[in-house]
Amino acid sequence: MSANATLAALFEEMAALLELTGANSFRVSAHAKVARVLGELDADVEALGREPGAIEAIEGIGEGSAGRIREWLASGSIKDLESLRKQVPPGLPEVLRVPGLGPKTARLLWKEAGVVDLATLKAKLASGELLGLPRMGEKTLAKIRESLEFMEKSGGRARLGEAAPVAESLARHLRAVKGVARVEVAGSLRRGRETIGDLDLLACGGDPAGLIEAFRSHPEVRSVLAAGETKCSVRLASGMQADLRVVDSSCFGAAWLYFTGSKEHNVRLRERAIARGLRLNEYGLFPHAEADEDSPPQSRGVAPVAAASEEEIYEALGLPWIPPELREDHGELSLRKTPTLVTVEAIRSELHAHTRASDGTMSIEEIARLARDRGFHTLAITDHSRSSVQANGLDPARLRRHLDAVREADARLDGIRLFAGSEVDILADGRLDYEDELLAELDWVVASPHVALRQDPKVATERLLAAVRHPLVHVLGHPTGRLIGSRPGLEPDIEAIAKAAAECGTALEVNANHHRLDLRDRHVRIALEAGCWIAINCDVHSPEQFDELRYGVVTARRGGLTPDRCLNCLDARTLDAWRKAKRKKVHK
DNA sequence: GCCGTTTTCGGCCCGACTGTTTTCAGTCG
């Protein structure tokens, strides 16, 4: 684990321990913020530690935390953390992860009932001895039991590609309710995060009670967690939680903004509102409350400055509309105008696809026709190379016959250009899986790591650098090889890879498969800052995988990708020229 | 603990829902 990730985990732990010792809540959230900032930091905190003042310069990290970070970098431990660990049972922080169970309750259970971890919590729930503690009635205990059960079964977040279809099914179901004007997805799904904790939907128009009734009666709903007049939370059969809010159409924009988040982005907006003498909530942007009025402005009939659309709220705050994918408090509030990010519609080619020759399910002609039907002008056929035995990789003789077949199809089919290429394995030592002589015969080379994905980061960096600098490679495919939720993959120095890729003109791939999303969002940002070309590829093996494109696009958008830096947005002639120029450039 | 178009002290985002309350604390997003 990198120093950044380790320190993020330690600050996360400190925040939890502080909560459990009953520390000031602002102190707790300050630690949690330091953890978040460290986790998302692009720069290496170890390197920053060597520059005086560099750690303190990071927004959200003050003198105290910077001191603790340096203490850890120098000694490998943090005194304050060690002392907190002595005050709290080591298993207690995991009790905080039980949904519905917060710091106050965890502390109560610990101090009053001797709960020290999930195991003792479970045992004491079973024995009935928790009943009768302050605020611990039958219903509360039943909810805790249910939450524990849920944690054991599902344990975590769903992948974007699994959550999105479920949310869309719920939205369609709600749109069929009589009188409904609008139903939209919000939350981390709208922001396009690679994993989703729960689904957020927003609706307006029609009868709120009818909407809530329709929501809780969707066939996927297993239990209802809460249902009020405007809000309903359910647990789905998949274990995921889904929330619906019903709002008035006059404040739909404020609600959509609010429930899209992120939480940190919202906090920034509210701070900005206050600085302008305004007050922002999910009902709108209002003139700030007078000192003696502490009830919400909307309940006093105060007219909002803006509420109906997100655009007018941002405008009233002196901001351009910010695409949801950028709402993470990563500096987006300093944007002067709305960036033109890449879209699914702007993608005109697929540059990484497999046929039956290796491990795909389609013939050359079938996949070519599908690509053409989707409006693509170019498709790169890139079957696996010989080392990928499990994927039926092609040896040189088979590859040459396959190239002939692709070129024959290219000549025969109208309306689509086929590149005869390969997805060539980057071997563990950085060599490619075919001789240069053969690679030179290919129109298109995607080089990807498939084996030795637990390499030391320094070795992995050298390995990928060798592929990026190879004169015959066009694209570095799924650079880290990670699989979300199941395989961490390589941890190369992405800045070094990006720098080399920019110099050599090699494109870096955002693999759109929802298990991969590799490069990930923050890597895309690093690549763009270095000046790289990006390719968004579905890595198609079967027809439905063309539909994964949107996950790749949204990931690239989160990294700030504009169409002018995206290979797949080039027109056919320019792309072909890029392909040829790429090899000439490096051959010089 | 962090931070600064009132500030180096005194703030720090805001409302819905639930359960156990007889007016509200706790949790969540």
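Per chain, numbering begins at 1; letters A, B, ... match sequence-line order.
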Residue pairs fulfilling side chain to side chain donor-acceptor pair (under 3.5 Å) with at least one residue in residues 43-58 of chain A, sequence neighbours excluded: A:Glu56-A:Arg70
By the side chain to side chain donor-acceptor pair (under 3.5 Å) test, which pairs, at least two apart or in different chains, include something from residues 9-30 of chain A? A:Glu13-A:Arg85
Residues forming a ring pair (Phe, Tyr, Trp, His ring centres under 6.0 Å) with [X], sequence neighbours excluded:
X: A:Phe252; answer: A:Trp256
X: A:His330; answer: none
X: A:His515; answer: none

Nucleotide N/O of nucleotides 3-8 of chain B paired with protein N/O under 3.5 Å:
| residue | atom | partner | partner atom | Å |
| --- | --- | --- | --- | --- |
| B:dC3 | OP1 | A:Gly60 | N | 2.6 |

Identify, with sequence neighbours excluded, every residue that meets salt bridge (charged side-chain N to carboxylate O under 4.0 Å, His left out) alongside A:Lys122. A:Glu152
Sequence-distant partners of A:Arg550, salt bridge (charged side-chain N to carboxylate O under 4.0 Å, His left out), two or more places apart: A:Glu168
Restricting to side-chain contact (heavy atoms from CB on, under 4.5 Å), what partner residues turn up for A:Pro457, sequence neighbours left out? A:Glu491
Side-chain atoms of residues 190-207 of chain A: list all donor-acceptor pairs with protein atoms under 3.5 Å, sequence neighbours left out, distances to 0.1 Å.
| residue | atom | partner | partner atom | Å |
| --- | --- | --- | --- | --- |
| A:Arg190 | NH1 | A:Thr260 | OG1 | 2.8 |
| A:Arg190 | NH1 | A:Glu310 | OE2 | 2.7 |
| A:Arg190 | NH2 | A:Glu310 | OE1 | 3.1 |
| A:Arg191 | NE | A:Glu328 | OE2 | 2.8 |
| A:Arg191 | NH1 | A:Thr260 | O | 2.7 |
| A:Glu194 | OE1 | A:Arg482 | NH2 | 2.8 |
| A:Glu194 | OE2 | A:Arg482 | NH1 | 3.0 |
| A:Thr195 | OG1 | A:Arg157 | NE | 2.8 |
| A:Asp207 | OD1 | A:Ala209 | N | 3.2 |
| A:Asp207 | OD2 | A:Gly210 | N | 3.0 |

Can you list, by residue number, the residues of residues 313-320 of chain A that have a non-hydrogen atom closer than 4.0 angstrom to DNA chain B? none
Please tabulate, one pair per line, each protein N/O and nucleotide N/O from nucleotides 22-25 of chain B that are separated by under 3.5 Å, including the distance.
| residue | atom | partner | partner atom | Å |
| --- | --- | --- | --- | --- |
| B:dA25 | N3 | A:Arg135 | NH2 | 3.3 |

